[in-house]
Amino acid sequence: MADRVQLTFWNYNQFANYQPHMLEDWINLGMTTPITPSFGLNSSEELYKKFYEMLDDAHNRGVGLILQIPDIYLWSYHDRESFIKTALVVKEKFGSHPAVCGFYVGEEPHGDAKEYFEGVKTLKEIFPDKIFYMNMGSIERTERCALKGRESITNWCCRYTKETGSNIIGYGCYAGMLVDGTGLYEHFHNIREFVEAGKKAGADIWATMLSSVHDFYKIPTADDFRWQLNTCVACGCKGIVWFRIYDKLVAGDYRESPIDEFGNKTTHYYDLARVQNKFNILYGEIFAKLNHKYTYGIGVSYGGYPYYTTPNECDCDYIAGVSGRMGMVSTFVDDDGVDYCVLINTDPKLAGHLSLTFTDKVEKVEEVFYNGKQLDLKVKRDGQQGNLAMASACYAPGQMSLFKITKVKE
């Protein structure tokens, strides 16, 4: 289990264009595990020197990096012997550096994805302590490209982790950023399907969300960044991969990114930085330690998540009831068996009033801040009988609260 929720981004830069200030830009954005610009093994000695300097700088700043080495992309896998030979060169050059925590290896597999399975298995044998990030695409794209109706996503994910030994599975769905708001079902449907598949496969799910405009998606705001990040985490995702951070002159349809095509920070850079840094300070570490159990809709529910009704029907013996116009409540448990729940406003545009009521099995409820270092008491039984009501709150779009639940000793 990672020590924090992983925040990173799709990095389409070539390393030849890397400048030392870029690492600082990524760190200031709140990225916990940046993906590096693309670096080929046939690079010049000068570029190798510059690459090692980046790795040293990252290590000194306490940041792990996910390397992009095209020579070991999975679509480069043709036969095991030559792939092993190339991977061993990567290991010789970078494998022992403490800043290297893993590798990006590919996306959107096609057909039976045999080369993906064999390639990741080979890499995991050579780099047993590294992570390998691979993106499946959305449910619709995955079913069309990789599964083709022959296999469920759950079975595919289970087979992938079993045969490769890797426990990171990514997907991407931008539907929540459609201008007309018609993509909410698809946004939550993708989270639900992949998180449930990840549980059965023993994999952490990393969701690719949208930080740039293209086609008919909307210009991102601070509310949009918060909504995308928090809805994914509240429903069980363990990583967010933003698409994309840099604009390019050659891809003008992608616009309004955090950094424009001339290298200037836009207002979106500071919006995303504020959202991610706040998340890291309050929740980034503790959510990595929590195991998602169930998510229920409040008022309006999308993506196939059931509504919260009663404790007996919803497999939760400590929540008596919920109220609100549009939200969700999720239940979690840590490795010590302590219960937690999340209350989140799922309306992407409007603030909303949400509240919870607790059963007589609850001794006290504490709101969690600063990754558990601060616990604010919300309700305490003190000998009362019956339900405990928690003071309600008004939540901004995508705003959430995390509560630690202490039950009455039996």
Looking at Asp224 and Lys218, is there a salt bridge between them, counting it only when a charged N and a carboxylate O are closer than 4.0 Å? yes

side-chain hydrogen bond (donor to acceptor under 3.5 Å, both in side chains) between Ser301 and Tyr308: does it pass, once the steps are laid out? CA-CA 10 Å; Ser301 186; Tyr308 194 90; over 6 Å; no

With Lys124 as the cation and Phe132 as the aromatic partner, state whether NZ or CZ is under 6.0 Å from the six-membered ring centre and within 45° of the axis. no

Holding to salt bridge (Lys or Arg N to Asp or Glu O under 4.0 Å), I want the full list of residues that pass it with Lys407, two or more places apart in sequence or in another chain. Asp317, Asp339

Classify the ring geometry of Tyr52 against Phe94: parallel below 30°, tilted from 30° to 60°, perpendicular beyond 60°. tilted

For the ring pair Phe9 and Trp26, is the centre-to-centre distance below 6.0 Å? yes

Under 6.0 Å from the six-membered ring centre of Phe287 and within 45° of its axis: does the NZ or CZ of Arg4 meet both? no

Looking at the rings of Trp10 and Tyr104, which for Trp means the six-membered one, are their centres under 6.0 Å apart? yes

Check whether NZ of the Lys or CZ of the Arg Arg244 lies under 6.0 Å from the centre of the six-membered ring of Tyr12 and within 45 degrees of that ring's axis. yes

Between the CZ atom in Phe369 and the CG atom in Leu282, the distance rounded to the nearest 0.5 Å is 7.0 Å

Side-chain donor-acceptor pair under 3.5 Å between Thr33 and Thr8, yes or no? no

Indicate every side-chain donor-acceptor pair of residues 58-66 with a distance under 3.5 Å to a residue at least two apart or in another chain.
from	atom 1	to	atom 2	distance (Å)
Asn60	ND2	Asp56	O	3.2
Arg61	NE	Asp57	OD1	3.0

Using ring centroids (six-membered ring only for Trp), state whether Tyr174 and Phe243 fall under 6.0 Å. yes

Between Arg255 and Glu261, is there a side-chain N and carboxylate O pair less than 4.0 Å apart? no

Side chain to side chain contact (heavy atoms under 4.5 Å, CB included) against Ile281, all qualifying residues, sequence neighbours excluded: Tyr370

Output for pair (Asn230 CG, Asn345 CG), nearest 0.5 Å, gives 10.5 Å

